[in-house]
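In this text, all values refer to a predicted model and were calculated from it rather than measured experimentally.
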Amino acid sequence: MGTETARSVHGRVDRPILYRWGAWCARRAWRVIAVWALVIVGAGLLVPKFTDSLTGSSLKVDGSDSARVETLLTEKFASPVSEDAVVVFDSTRHTADAPAYRAAVGAAVAALRDQEGVLDIADPYAADDPTLFSEDRRTLLVPVGLGGGERDRQDTVPRIQDTLDDVAADGEDVDVMLTGSSALNAAVVEQQDKDLARAESIGLPIALLVLLAAFGTLVAACLPLLLGVVALVTSFGALGAVSGVVSFDVFSQAVVTMLGLALGIDYCLFAVTRMREELAARKGDVPAAVGATMATAGKAVLFSGCTVIISVAGLLVVRAPVFRTMALGVMIAVAAMLAVATTLLPAVLGLLGPRIDKLAVPGMKRSVRTTDVSRSGWARWTKVVMRRPVLVGGLTGVVLLLAILPAAQLKLGFDVGASAVSDAPAGRGYELVADKFVPGAATPLQIVLDKPAGALDDADLAALEQLTEQLRDNDDVAEVQSVTDVLRQQTGGVDAAGLRTLMEAAKQDGEGLGRLIATDGRTTALAVLPREAADSDASVDLVHWIRGTALPDTVGERDGTSAFVGGLSAQTVDISEEVSRATPLVLALVLGLSFILLLLAFRSLLLPLSAIVMNLVSVGAAFGLLTLVFQEGHGASLLDFTSGGFIQAYLPLLTFVILFGLSMDYEVFLISRMKEEWGHSRDNTRAVTEGVAHTAKVITAAATIMMVIFAAFMITKVVEVKQMGFALAVAVLVDATLIRVVLVPALMRLLGNSNWWLPGWLDRVLPRVELTEGSAPPPDDAPARDEAARRPREEPAARG
């Protein structure tokens, strides 16, 4: 092999570096596998570190009002409460006045006062606040102030619930539940772990059946599945290695699992398919077959993976940790998949060699040997498209346009996930608060007024009191807690002198104002309880009203005083606005970088442009159907969800970059094979027909596997995972059917030889990294080369 010239199934070409790398891995298969065995063991040890560090969905936006509220509350107040939660007591046997009930409340309050992370809790009986008791007096609320960052709070709430469970176990028929933003997030993390395990148990067996149908042998079918799992474990291990410095959202686990399995299996599927062709053409020369496989399918995998990484990297410009950590997680996962596909896969292929076709499925043995696709159903279908490109392409375009139209009505919102964890204490407590009190009591808004120039004076306090009253007059506000109320109650007036006296008294007895006024007297906070749930339109509108009307009317810009609104509803508004701001920039980066990469891959001006347009059509159709189902509620009973009238705030942008990368996946494999055929025949119609005929079957199998895996995640209870699974499954279905085997060939037929045009000056300056195995042979001897390449492919079929 030292001086041998490499061959593909189409003829003689020079040996590129990927050919040499693949052949090297095949010859040293056991060494490569041994190294990977160590990698997998190490990754397996790191997986728990990743899963244990997951946090709930964070809506924090760097530099936003809600983020500044959290910072001010943590840094400036004597009681640095960063989240208000509630402990919910409920009993069907006792009322809140019964001795057993009072004993349970007292025991819980006493236990939580010593609990790490709990900064503020009061006895509701001593507070004598009627708003803490339900009308039937069987349910009682105890406000709890939690400290620390998001990750700290989510580590704290399970321990708090364990303490409350012990109290409930010692009591008599009194249920005790902690609920609030962090408690719900922690419950969602636990629920999603269960959902992911269930989705994998459904998706993987069905994927195996699809692979068996595609390959006809058990060995070939199991190989992509096995390496897909290896890629997933490696990805989680890599994420575990960096989880000490980066907090990953629980949703990233679902996304990495979906993409890890789908892309890992797909990449191996494409390589195994090409390997079988090369083995048949090379009469069992395993290193050469592996080398040629890596130089063709392997290079396409590299470009495809790089396209996904580039697409997802666009999220790094969004000023929200949920997007940045998601992008980082997916980029690490795809890099791990590429490492598996370019090192472990060629080694395993080299080790197996012809044995990859062992253990044939009864009744499917002939399909193992058949490699001639010129008379296949896909070839006949493509010829139909090529004869009637305007008719077939036009009808397909109309169907896709109808699917895209609903996306114009897409609306963003945020679901706190209470319905997904209705069986958990946090979910049950949230429902009790919503039923017997005001839903906003579990997730209040926080308004912080900060005056760096000096302590609050009489004018500032007058403005604060005016703001408090204006908030109370709003029908969407149930209650407001303000330092002005305490002042008027204890001093009979609202002035700076009274505030200083009250603060001195509070310092002496250690009680009172720690959550309402900062120690330097320059910052004050108000707690606002909305009447509706944090994820409702009414609460979102309330945030807009406070920021746009209430604060300018009362506080304004007095002496440099700044006013900020925080809380879950405010975070929803902030992340929606950030998504709107960042979307044009993300689109420009993703489309621009993808065009450059495809220009290098295809060495054509029109092919990258048409690929980008096709991908946008695919994404648009997925968004339209997502809006129709999850926002408008069509098919809600079938998919077991209740429509909130919106799409999860961070989902569209995240889904766009992932779908764009996935759509480009099939485009790269399809066009690269067309490019290979064009290099031999210089006939556009033949190149398109042969390209589709060679790739349609494997693309269909790959798409089916992706759809199965993505659709399996639609059985989850967590709404964003369900929405993501639906969007990805629909997009792959549309992309692999209407786009790749109908619209793309029709468009390429209409464009003709212009598909392959590249200005000479640009051709000279671009580096040579196109996806074919080498330079194309001259057109005059292409038919002879093609015929010579075709004969060895047909011989195995004849013997079979």
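Interatomic distance, CG of L391 versus OG1 of T396, reported as 9.0 Å (0.5 Å rounding). The CD1 atom of I739 sits 11.0 Å away from atom CG of L733, with the distance rounded to the nearest 0.5 Å. The CG atom of L625 lies 11.5 Å from the NE2 atom of H634; values are rounded to the nearest 0.5 Å. Annotation: the span from L651 atom CG to F656 atom CZ amounts to 13.5 Å, rounded to 0.5 Å. Rounding to the nearest 0.5 Å gives a distance of 6.5 Å between CZ of F595 and CD1 of I612. For the atom pair K383 NZ and M386 CE, the distance stands at 11.0 Å (nearest 0.5 Å).
For the pair L315 and R324, the minimum side-chain heavy-atom distance is 4.5 Å or more. With contacts defined as side-chain heavy-atom distances shorter than 4.5 Å, the pair M706/L261 does not qualify. Under the 4.5 Å side-chain criterion, counting only non-hydrogen atoms from C-beta, I265 is in contact with I709. You'll find the side chain of F50 stays beyond 4.5 Å of the side chain of L46, heavy atoms only. Between C222 and L226 there is no side-chain heavy-atom pair separated by less than 4.5 Å. Using a 4.5 Å heavy-atom cutoff, the side chains of K60 and V322 are not in contact. Within the 4.5 Å cutoff, the side chain of I202 has heavy atoms near those of the I715 side chain. Within the 4.5 Å cutoff, the side chain of Q571 has no heavy atoms near those of the I575 side chain.
Around CZ of R581, the count of heavy atoms belonging to other residues, nucleotides or ligands within 6.0 Å exceeds 12. Atom CD of E632 sits in a crowded spot, with more than 12 heavy atoms from other residues, nucleotides or ligands closer than 6.0 Å. A 6.0 Å sphere centred on CD of E190 holds no more than 12 heavy atoms belonging to other residues, nucleotides or ligands.
Across all their heavy atoms, S235 and A336 have their closest contact at OG-CB, 3.5 Å. Scanning both residues, K722 and L639, for their nearest heavy atoms gives NZ-O, 3.1 Å. Summarising the geometry of I699 relative to A736, their closest heavy-atom pair is CG2-CB, 4.3 Å, with the distance given to 0.1 Å. Taking every heavy atom of both residues into account, S610 and L747 meet most closely at CB-CD2, 3.8 Å. Summarising the geometry of G393 relative to A746, their closest heavy-atom pair is CA-CB, 4.1 Å, with the distance given to 0.1 Å. Taking every heavy atom of both residues into account, Y267 and V308 meet most closely at OH-CG2, 4.2 Å.
Under a 3.5 Å cut-off, the side chain of S576 and the backbone N or O of T572 do form a donor-acceptor pair. No donor-acceptor pair closer than 3.5 Å links the side chain of E720 to the backbone N or O of I647. Looking at S304, its side chain never comes within 3.5 Å of a backbone N or O of V301 through a donor-acceptor pair. Listed for the Q191 side chain is no donor-acceptor partner under 3.5 Å among the backbone atoms of V718. Side-chain atoms of D574 never come within 3.5 Å of backbone atoms of V61 as a donor-acceptor pair (strictly under, hydrogens ignored). Remark: side-chain polar atoms of S311 are paired, donor with acceptor, to backbone N or O of T307 under 3.5 angstrom. Panel note: side chain D735, backbone S618; no donor-acceptor pair is recorded below 3.5 Å. Here the side chain of S594 pairs no donor or acceptor atom with the backbone of L591 at under 3.5 angstrom. Using a distance-only test at 3.5 Å, with no hydrogens or angles considered, a donor-acceptor pair links the side chain of W381 to the main chain of V741.
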| From CA spacing to verdict: side chain to side chain contact (heavy atoms under 4.5 Å, CB included), L259, I658 | CA-CA 9 Å; L259 292 182; I658 292 176; 3.7 Å; yes
| task | Run the numbers on M326 and V657 for side chain to side chain contact (heavy atoms under 4.5 Å, CB included), then give the verdict. | result | CA-CA 11 Å; M326 199 82 67; V657 297; over 6 Å; no
| M674 vs I671, side chain to side chain contact (heavy atoms under 4.5 Å, CB included): CA-CA, chis, key distance, verdict | CA-CA 5 Å; M674 292 180 181; I671 302 299; 3.8 Å; yes
| query | Under the side chain to side chain contact (heavy atoms under 4.5 Å, CB included) criterion, do F713 and T257 qualify, and how do the steps go? | reply | CA-CA 10 Å; F713 286 85; T257 301; 3.7 Å; yes
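Between F630 and F726, the two ring planes are perpendicular [angle over 60°; tilted spans 30° to 60°].
Evaluated for a side chain to side chain contact (heavy atoms under 4.5 Å, CB included) with F236, the options I332, T51, V256 yield exactly one hit, V256.
Here K675 does not pair with E690 in a salt bridge; the nearest charged N to carboxylate O distance is not below 4.0 Å.
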